[in-house]
Amino acid sequence: MIIVIGGGPAGRIGAMRLAGAGAEVRLIEKRKIGGQCLHDRCMTVCALNDVARLLEYARTQKDLGILDSVPAVSYPAVRRRMREIQEKLSTVLDAETRRAGVEVVYGAEGRLEGDRVYIDDEEVRADAVLAATGSRAAIPDIPGADLRGVYTYQTLPALEDLPQRMVIVGGGVVAAEFAHIFRAFGSDVEIVARHGLLRDLDPKVRSAAMRDLAGVGIREETAVLGIDGGARVRSVLLAGGEEIEADAVLLATGLIPHSEPLQGLRKRPDGAVVVDEHMRTSVEGVYAAGDVIGPPYLTPAARREGVVAAENILGRGTVMDYTGIPQAMSLRYDYAVATTGGDDGAVTLSAPAPAGPGSFWDVAGGWAGLAQIRVDPETGRLVGATAGVPGASTLLSYLGYLMKRGITVSDFDDIVEVHPSTDGVYGLARYAADMLRKKNE
């Protein structure tokens, strides 16, 4: 018997791989299958951002005289319908998992004490364990963080209607995504970032993303001293004495591995379970995957980690490779990036993206997105790519894999692209290939 603790992307996919190989697998999920990606994070952003983009496109076309009005959003209806669809997707995943041969146990907590496995308080026999207990929202030590009206991504579903004034604390992707959504919905939104907002992005890409956050108040290099209110939140107090009125506060301040149920394993100071490239923990026969092992906190990476753990449990030596795994952010456009790493000496080329589906009408405002590549001038290998366009996430998924396989810019000579498309990477790669040929003539 193999016990899998956690039914998110890492645990579920790992369990299915094990069952598909003929193993007897029991998956323990305290809440609902699908994990935070389905119920709290990725799908929530997808659902809300679809509505936000529709409103923004309608505003653009109204400004151009094409539409005579912009629809009003009913946030309670969005919230209700979103939950219905998430439940439907969870039902689909449950059926898929069971069809694969996995026994699913809901409402119980799986935990470890070294190599001893418990389901609630009952010790069970296990030939191997895959621990995939995920992560939770990191809540900063700010006075008033527990006030009614203060949310994290996990508690945001409790927000019943649109706030008039929302303050988002944080400087990363999640802060930017929710700021874009609620601004599009009509809320006044302020971001307060202790350091810089999206500071890890390339400057040109960051500048492009900031266009999508037009209308959002942004305070950088600013600390939050406290959150004030009585029965519920009323304002946010900033270093320097400024006070911002708020009906709702969203803490987008990162993630913490949820490893408390896993005792007796070697962990890092933040609680992340330490694993090797085979997903093995410090306890023989115990493997871990997904958010519980720490960054990059990406669903596709978690799925792959689950597969790698399963393969090694089955005795098929497999190594986890993070090269080329893309990352994305959803604003008005998708912003996606993939890199092979070790790109010292690479040349960066940037260009506006071509107009296409989802960006045609934006040309009237002088913008259709951005593409950027990094090329090794000695070998012609494509070592990095970024796109800020509608559909960028799909493009970079495949491009990241090709980069991992060693694609060169001259290989794009043999590619006939889909048209119409917002893909500006193709044109940049062709341009880079021509430059290198002329250099070597």
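Computed from a predicted structure; not experimentally measured. Counting begins at 1 with the first residue of the sequence.
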Side-chain donor-acceptor contact under 3.5 Å, [X] with [Y]:
{"X": "Q372", "Y": "T386", "result": "no"}
{"X": "Y322", "Y": "E305", "result": "yes"}
{"X": "S235", "Y": "E243", "result": "yes"}
{"X": "H278", "Y": "E311", "result": "no"}
{"X": "E242", "Y": "T222", "result": "no"}
{"X": "Y335", "Y": "D212", "result": "yes"}
{"X": "D291", "Y": "H258", "result": "no"}
{"X": "R332", "Y": "T60", "result": "yes"}
{"X": "R79", "Y": "Y75", "result": "no"}

Flag the pair [X] / [Y] as yes when at least one side-chain heavy-atom distance between them is below 4.5 Å, and no otherwise.
{"X": "V275", "Y": "Y287", "value": "no"}
{"X": "R194", "Y": "T253", "value": "no"}
{"X": "R183", "Y": "I181", "value": "no"}
{"X": "I5", "Y": "V129", "value": "yes"}

Gap between atom OG of S74 and atom CG of L162 - 0.5 Å precision: 8.5 Å
Please check this pair: side chain of [X] against backbone of [Y], looking for a donor-acceptor N/O pair closer than 3.5 Å.
{"X": "E190", "Y": "I244", "value": "no"}
{"X": "K267", "Y": "L262", "value": "yes"}
{"X": "T422", "Y": "P390", "value": "yes"}
{"X": "R303", "Y": "G14", "value": "no"}

Worked check of salt bridge (Lys or Arg N to Asp or Glu O under 4.0 Å) between R206 and E220: CA-CA 14 Å; R206 181 182 182 275; E220 298 181 286; 2.8 Å; yes
R12 and its side chain to side chain contact (heavy atoms under 4.5 Å, CB included) partner, picked from V104, L93, D94: L93
Identified side chain to side chain contact (heavy atoms under 4.5 Å, CB included) partner of L382 from the options L399, L428, L402, D411: L399
Minimum-distance pair of heavy atoms, taken over all atoms of [X] and [Y]:
{"X": "V409", "Y": "V375", "answer": "CG1-CG2, 3.8 Å"}
{"X": "P257", "Y": "R136", "answer": "O-NH1, 3.7 Å"}
{"X": "M210", "Y": "L197", "answer": "SD-CD2, 3.9 Å"}
{"X": "V174", "Y": "A252", "answer": "CG1-CB, 3.9 Å"}
{"X": "R316", "Y": "A21", "answer": "NH2-CB, 3.8 Å"}
{"X": "A15", "Y": "V4", "answer": "CB-CG2, 3.9 Å"}

D413 vs R430, salt bridge (Lys or Arg N to Asp or Glu O under 4.0 Å): CA-CA, chis, key distance, verdict: CA-CA 7 Å; D413 290 339; R430 291 290 303 275; 3.1 Å; yes
Ring-face cation of R41 near Y153 (centre distance under 6.0 Å, axis angle within 45°): yes
Verify the neighbour count for atom [atom1] of [X]: are there more than 12 heavy atoms of other residues, nucleotides or ligands below 6.0 Å?
{"X": "Y401", "atom1": "OH", "result": "no"}
{"X": "R405", "atom1": "CZ", "result": "no"}
{"X": "K32", "atom1": "NZ", "result": "no"}
{"X": "Y431", "atom1": "OH", "result": "no"}
{"X": "E260", "atom1": "CD", "result": "yes"}

Lys/Arg-Asp/Glu bridge criterion (N-O < 4.0 Å) met for D188, R165: no
E84/R81 ion pair, N-O < 4.0 Å: yes
Candidate pair H180 and E56, rule side chain to side chain donor-acceptor pair (under 3.5 Å), full reasoning: CA-CA 10 Å; H180 164 254; E56 290 185 313; 2.8 Å; yes
Test side chain to side chain donor-acceptor pair (under 3.5 Å) applied to S410 - qualifying residues, sequence neighbours left out: T408
Residues in side chain to side chain donor-acceptor pair (under 3.5 Å) contact with S282, at least two apart in sequence or another chain: none
Verdict with reasoning, L265 to V286, per side chain to side chain contact (heavy atoms under 4.5 Å, CB included): CA-CA 9 Å; L265 307 181; V286 177; 4.2 Å; yes
